[in-house]
Amino acid sequence: MEWFVEESNGYGLMIKVKKKLYEHKGLQYIEIYETEFGKMLVLDGRIQLIEKFESSYHEMLVHVPMLTHPKPRKVLIIGGGDGGTAREVLKHEPDEIVMVEIDRNVVDACRKFIGVDKGALKDPHLTLLIEDGIEYVRSCKEKFDVLIVDGTDPSPASKSLFSEEFYSACARISDICSMQSQSPILQKREFQLILANTSPFAKRRVYLSYIPMYPGGMWSFLLAGDNLDASIDEIKKRFEEREIETEYYTPLLHLAAFTLPKWLEKIVNEYIK
Ligand code: SAM
């Protein structure tokens with residue numbers, strides 16, 4: 001029995017592992033472990049998902065934008081190679097999902113060793129493109145109802161997904177966008193960079209989820225687009241009409257997730273007026 005240790009900015013996460021199931025050094029260093037909390041995916045030394053905790057990430061990343069949109073028929077996912085995001089999007093029965101993932105090895109390894117996608121990666125409504133997300137959005141001529149950025153922490157593969165160029169292209173091709181925006185506690189610089197670079201969006205709102213598999217537990221997301229207004233009654237109505245099954249997300253939690261600690265509100269207000 002040994003420990004997997006992730007250190008970030010002087011803060012450590014330790015996960016007891018039972019067995020290493022896979023590793024591959026390619027575009028990214030991919031590791032998959034069996035742990036006390038189920039299967040765990042690690043990319044370039046950063047924990048991406050652990051089966052027991054992943055719903056608090058994928059459900060909040062997906063259902064907040066998808067239920068804010070009145071009728072999301074066409075969805076774009078950038079990243080999301082494990083398939084958890086696609087799994088949650090499919091619960092809304094969209095006509096079409098395009099998923100743009102840079103590393104085929106992540107998709108293949110997650111399907112083989114984890115299966116958190118629950119078949120989503122093979123769903124007939126989903127088109128999987130193996131491509132750099134920024135290349136795709138740069139030349140994209142289509143429009144999407146919802147665009148979800150499910151990338152890694154800034155890394156050689158993903159750093160382009162934190163650029164103003166990327167975000168302005170996302171704003172151009174989508175009605176509503178959501179993205180994971182790092183830990184505001186332990187990755188304040190990355191968080192502020194995202195707030196600074198997402199200014200091309202007309203409106204932006206930060207929300208939180210509590211994710212035990214990420215450093216510090218408090219994880220931030222950004223909801224962005226021209227119209228982010230949806231009352232709790234509309235969210236509840238859409239949640240019930242679409243018969244969305246969840247483990248973590250509820251409409252009330254959706255509403256509460258936008259209530260931020262005072263110190264965080266102060267940082268956000270420096271960038272979002
Ligand atoms: N839940 C994780 C998190 O927020 O820490 C992210 C999940 S998912 C594993 C991240 C995915 O983004 C990976 O599959 C990775 O290969 C993909 N990715 C990284 N850079 C990318 C890029 N430039 N274009 C498309 N996909 C990218």
Side-chain angles (χ1 to χ4, degrees), residues 24 26-28 30 32 39 41 43 48-49 51 54-55 57-69 71-153 155 157-163 166-167 169-181 221-225 242 244:
H24 173 78
L27 180 71
Q28 299 170 107
I30 306 171
I32 296 179
K39 304 276 185 7
L41 169 67
L43 293 182
Q48 303 296 309
L49 75 84
E51 277 182 301
E54 55 88 7
S55 61
Y57 171 81
H58 289 116
E59 292 182 11
M60 290 304 282
L61 178 66
V62 171
H63 301 310
V64 170
M66 290 292 284
L67 290 165
T68 301
H69 195 290
K71 220 169 164 42
R73 311 306 320 150
K74 209 173 147 165
V75 179
L76 174 60
I77 300 170
I78 303 289
D82 51 85
T85 295
R87 177 198 72 211
E88 292 304 311
V89 168
L90 280 168
K91 291 179 179 176
H92 298 257
E93 296 180 359
D95 299 335
E96 183 190 357
I97 304 175
V98 175
M99 181 168 143
V100 181
E101 163 56 54
I102 199 168
D103 192 338
R104 150 87 56 206
N105 292 309
V106 175
V107 177
D108 295 346
C110 288
R111 285 191 59 217
K112 186 166 175 213
F113 292 100
I114 306 182
V116 75
D117 71 301
K118 302 223 179 353
L121 292 170
K122 278 286 165 214
D123 188 282
H125 295 88
L126 185 136
T127 305
L128 174 63
L129 303 174
I130 301 300
E131 183 176 345
D132 186 334
I134 191 156
E135 299 304 330
Y136 179 85
V137 297
R138 198 181 265 150
S139 57
C140 182
K141 303 269 180 294
E142 300 182 59
K143 195 88 195 290
F144 293 87
D145 298 315
V146 172
L147 192 166
I148 297 168
V149 186
D150 180 14
T152 48
D153 292 38
S155 71
S158 68
K159 66 180 180 314
S160 59
L161 305 186
F162 294 87
S163 66
F166 173 72
Y167 293 130
C170 291
R172 174 175 56 80
I173 64 172
S174 67
D175 287 347
I176 291 183
C177 182
S178 75
M179 62 194 79
Q180 70 87 9
S181 46
F221 299 82
L222 194 70
L223 184 71
R242 299 181 202 171
I244 309 284

Legend entry - H58, R87, Q48 screened by side chain to side chain donor-acceptor pair (under 3.5 Å) with D82, the one that passes: H58

Legend entry - Separation of I102 CD1 from S158 OG (nearest 0.5 Å): 8.5 Å

Legend entry - Heavy-atom side-chain proximity of D175 to K143 below 4.5 angstrom: yes

Legend entry - Shortest non-hydrogen contact from T152 toward F162: O-CZ, 3.4 Å

Inset, instruction - Calculate, to the nearest 0.5 Å, the distance between atoms CD1 and SG belonging to I173 and C140 respectively. - result: 4.0 Å

Inset, instruction - Take V64 and S178, measure what side chain to side chain contact (heavy atoms under 4.5 Å, CB included) needs, and give me the verdict at the end. - result: CA-CA 8 Å; V64 170; S178 75; over 6 Å; no

Inset, instruction - Only pairs at least two apart or in different chains count here, so list each salt bridge (charged side-chain N to carboxylate O under 4.0 Å, His left out) that has a residue in residues 107-136. - result: R104-D108, E135-R138

Legend entry - Check against side chain to side chain contact (heavy atoms under 4.5 Å, CB included), L27 and N105: CA-CA 9 Å; L27 180 71; N105 292 309; over 6 Å; no

Legend entry - L128, T127, I134, I78 screened by side chain to side chain contact (heavy atoms under 4.5 Å, CB included) with V100, the one that passes: I78

Inset, instruction - Any chance you could measure Y136, atom OH, to I130, atom CD1, to the nearest 0.5 Å? - result: 13.0 Å

Inset, instruction - For the pair Y57 and D150, evaluate side chain to side chain contact (heavy atoms under 4.5 Å, CB included) and give the outcome as yes or no after the intermediate values. - result: CA-CA 10 Å; Y57 171 81; D150 180 14; 2.5 Å; yes

Inset, instruction - Take I30 and L43 through the test side chain to side chain contact (heavy atoms under 4.5 Å, CB included) and record every step on the way to the result. - result: CA-CA 5 Å; I30 306 171; L43 293 182; 3.7 Å; yes

Legend entry - Reported CG-to-OG distance for the pair L61 and S181, which is rounded to 0.5 angstrom: 9.5 Å

Legend entry - Check ion pair D95-R73 (N to O, under 4.0 angstrom): yes

Legend entry - Side chain proximity check, T85 to M99, heavy atoms < 4.5 angstrom: no

Inset, instruction - Specify the closest pair of heavy atoms between V75 and P94, including all atoms of both residues, with the distance to one decimal. - result: CG2-CB, 4.3 Å

Legend entry - Under 3.5 Å side-chain donor-acceptor pair for H63 and E59: no

Legend entry - Reported CG-to-CE distance for the pair L223 and M179, which is rounded to 0.5 angstrom: 9.0 Å

Inset, instruction - Give, for atom CG of L126 and atom CD1 of I97, the distance between the pair rounded to the nearest 0.5 Å. - result: 5.0 Å

Legend entry - For the student: nearest non-hydrogen atoms of V98 and F144, plus distance: CG2-CE2, 4.0 Å

Inset, instruction - Could you tell me whether the side chain of E51 reaches within less than 4.5 Å of the side chain of I114, counting heavy atoms only? - result: yes

Inset, instruction - For the pair R172 (side chain) and V137 (backbone), establish whether a donor and an acceptor sit closer than 3.5 Å, ignoring hydrogens and angles. - result: yes

Legend entry - Contact check, side chains of K74 and E142, non-hydrogen atoms, under 4.5 Å: yes

Inset, instruction - Quick one: closest heavy-atom pair of I176 and P65, and the distance? - result: CG2-CB, 3.8 Å

Inset, instruction - May I ask you to check whether over 12 heavy atoms, not counting those of E93, lie within 6.0 Å of atom CD? - result: no

Legend entry - Nearest heavy-atom neighbours spanning P72 and V146: CB-CG2, 3.9 Å

Legend entry - Which atom of C177 lies closest to which atom of C170, heavy atoms considered: SG-CB, 4.5 Å

Inset, instruction - Look at the side chain of E101 and the backbone N and O of D103, then say whether any donor-acceptor pair between them is shorter than 3.5 Å. - result: yes

